[in-house]
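We count ligands from 1, going down the list as the structure has it; atoms in each ligand are counted the same way.
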Amino acid sequence: MAGDGREEGVGRPLPGRRGRALRNLRVGFRDYAAFLGRLHDEFGPIATFDLPSTTVCAVFDAELMQEALVAKRACFEKGPALKRAGFLGGSTILTGDGEPHRRRRRLLLPAFHGEALAGYAGLVIGAAADLSGGWRDGATVDLAAEMQRLTLRIETGAFFGTDSRVEPAVLSDAIEGMRWDMKLLFLPWSGLLRRLPLPQSRKARRAFGRLDAAIREVVRKARADTGARVDLVSLLARARDEAGGYAALSDSEVRDECYAVLLAAHEATVNAMVWAFHHLACRPETQVRLERELDAVLAGRPPAPADLESLPFARAVFDETLRLTPPIAFFGRRAIADCTIGGYRIPAGTTVQMAVLTAQRDPRHFPEPDRFLPERWLEEGGGPGDGIAFLAFGGGNRLCVGGAFARMAAVLVLATVVQRWRFQPLLAGPVETTSLVIYRPKHGLPMRLMARRDVPASDGGARA
Ligand code: HEM
């Protein structure tokens, strides 16, 4: 075996179902999580199946995923589907591999950590307070639609700055356009289909044109005035890699990275919050424990960025949400060399799917895996086990760059909303899910709003 994990012609053959590619496509398309779940029940920690254009190896076991993502990462690159997305332009943090990917990560990481992160926190609290401030006691809302609106507002402020006149619709139309383009990508003759002047393709191009113009305007301002602006587009335009010597991003690279970040961040963030509210609404005792933490820390005043560190239970609610219902329930790689995982042969060209949902419900790592128990994250050591089985943010050299941002935003949204509101689920029975790309409730999340009447009276002051 070479030092980078490449191994030719060795390993046991993978167990699984060969052939029946079209049937697998049809069944998997209906509910991918359920399809993979059945494969796991039948074959165990790793299994193979065919799709019309590729052979897939599904990995269900956290240790085997770590082997692929860390020890043998040189044998894999990002899956091919996203690389063909025309709206991403050239290679981006999401689609690139090797040196181009390393360069992007070095330049992008500071925009999601440290001072930049603290700068976005006030924006999150303001947007959550405005949204929930407009709710009426006893009204019915679809929390999925509300979280979509909230996330768009936060993203618009974070991308362009709170002083910008860019409307959230510019981002939501571009996201619609990306969804449409991705749908075409998965169809036969996608190259031809994407060149046809279909109404939705024309609409998508117009939306991309508006987003491009908004990004260009902020890049121009950021390049003209050094220092003051702390929005994401400006931070990327001014990003420098002093230590590593990678070249700064060009204007078109900033544009492409903005699209990549939007694509990576939006649906995952919306649905992480949707699931958190679903779990709280289904488990009043957890909601009450969170209210107690909020009342003790905030004493009725609005949350502030500095409260983040004082809300461990809110954070545990979010981590447990990501464990039990990870919005990115699967992510893929393509083997670029023959190698093995868990001693099984993975020929070059195989698509490898990391089944996060299954790994995070493994009783070896998470006792009572199907129960929503935020308390497990408050155990000594900061969480269950050694942490290798928490894969909601991915792993290895492609670990989510926005994880700290997502956690900060979710904890502050939970604090702002749960301090004042309770939720009564309106759909009977277990929530139906869908999971082609993002794992989410199939029919939104309709809830009756109930204003809390026992919030402590505040002396009016917010913490700095
Ligand atoms: C709860 C919300 C989120 C979840 C569950 C999530 C999950 C993930 C996962 C699983 C990956 C790895 C995919 C892979 O290895 O193929 C990833 C990558 C990534 N995420 Fe997130 N993410 C979230 C929020 C965000 C946010 C808020 C941002 C940015 C503001 C972001 C930006 C990215 C980027 C740029 C990558 C690509 C990193 C790379 O390939 O080097 N994500 N995310």
Applying side chain to side chain donor-acceptor pair (under 3.5 Å) between Asp97 and each of Arg398, Arg102, Lys78, report the one that passes. Arg398

Suppose the criterion is salt bridge (Lys or Arg N to Asp or Glu O under 4.0 Å): which pairs have a residue in residues 260-269, not counting sequence neighbours? Arg179-Glu267

Specify side chain, backbone, both or neither for Lys78, according to which of its non-hydrogen atoms lie closer than 4.0 Å to ligand 1. side chain

Would His101 count as a polar contact of ligand 1, with the cut-off being nitrogen or oxygen pairs under 3.5 Å? yes

For Ile93, which part has a heavy atom under 4.0 Å from ligand 1: side chain, backbone, both, or neither? both

Just jot down the ligand 1 atoms closer than 4.0 angstrom to any heavy atom of Val261, in number order. 29 (C), 30 (C)

Across all chains, not counting sequence neighbours, the side-chain contact (heavy atoms from CB on, under 4.5 Å) partners of His40 are Phe60, Thr358

Trp275 and Tyr439 aromatic centres sub-6.0 Å: yes

Does the Arg361 side chain pair with the main chain of Leu324, one donor and one acceptor, at a distance under 3.5 Å? yes

Polar proximity ligand 1 side, Leu322 side, N/O cut 3.5 Å exclusive: no

Quick check: closest heavy atoms across Phe76 and Cys339, and the distance to 0.1 Å? CZ-SG, 3.7 Å

When you check the gap from the basic side-chain N to the acidic O, do Glu368 and Arg376 get nearer than 4.0 Å? no

So, His278 and Thr321: side-chain donor and acceptor under 3.5 Å apart, yes or no? no

Below 4.0 angstrom from a heavy atom of Arg333, which ligand 1 atoms are there? Numbered from 1 as shown, please. 14 (C), 15 (O), 16 (O)

Atoms in ligand 1 flagged as close to Ala272, the criterion being non-hydrogen separation under 4.0 Å: 1 (C)

Protein contact to atom 40 (O) of ligand 1 [nearest heavy atom, distance to 0.1 Å]: Arg398 NE, 2.8 Å

Atom pairs and distances, donor-acceptor, side-chain atoms in residues 46-58, under 3.5 Å, two or more places apart:
unit_1, atom_1, unit_2, atom_2, d
Thr48, OG1, Val56, O, 2.8
Asp50, OD1, Arg18, NE, 3.2
Asp50, OD1, Arg18, NH2, 3.0
Asp50, OD1, Thr55, OG1, 3.1
Asp50, OD2, Arg18, NE, 3.2
Asp50, OD2, Gly19, N, 2.7
Thr54, OG1, Thr351, OG1, 3.0
Thr55, OG1, Arg18, NH2, 3.2

Could you tally the protein N/O/S atoms lying less than 2.8 Å away from atom 21 (Fe) of ligand 1? 1

How far is atom 7 (C) of ligand 1 from its nearest protein heavy atom, and which residue and atom name does that atom have? Ala392 O, 3.3 Å

Ligand-residue contact atoms, ligand 1 with Phe405, heavy atoms, under 4.0 Å: 27 (C)

Which of the atoms of ligand 1 are close to Phe112, meaning less than 4.0 Å from one of its heavy atoms? 29 (C), 30 (C)

A student checking ligand 1 against Arg105 at a 4.0 Å heavy-atom cut-off should list atoms 38 (C), 39 (C), 41 (O)

Atom 37 (C) of ligand 1: the protein heavy-atom neighbour that sits closest, reported with distance to 0.1 Å: Leu94 CD1, 3.6 Å

Between Asp212 and Arg255, is there a side-chain N and carboxylate O pair less than 4.0 Å apart? yes

Under a heavy-atom criterion of less than 4.0 Å, does Ala260 contact ligand 1? no

Provide the closest heavy-atom pair for Leu322 versus Pro327 in the form atom of the first, atom of the second, distance. CD2-CD, 3.7 Å

Looking at Phe331, which atoms of ligand 1 are within less than 4.0 Å of one of its heavy atoms? 10 (C), 14 (C), 15 (O), 16 (O)

When you measure from the side chain of Arg422 to the backbone N and O of Gln287, does any donor-acceptor pair fall under 3.5 Å? no

Ring centres of Tyr120 and Phe112 under 6.0 Å apart? no

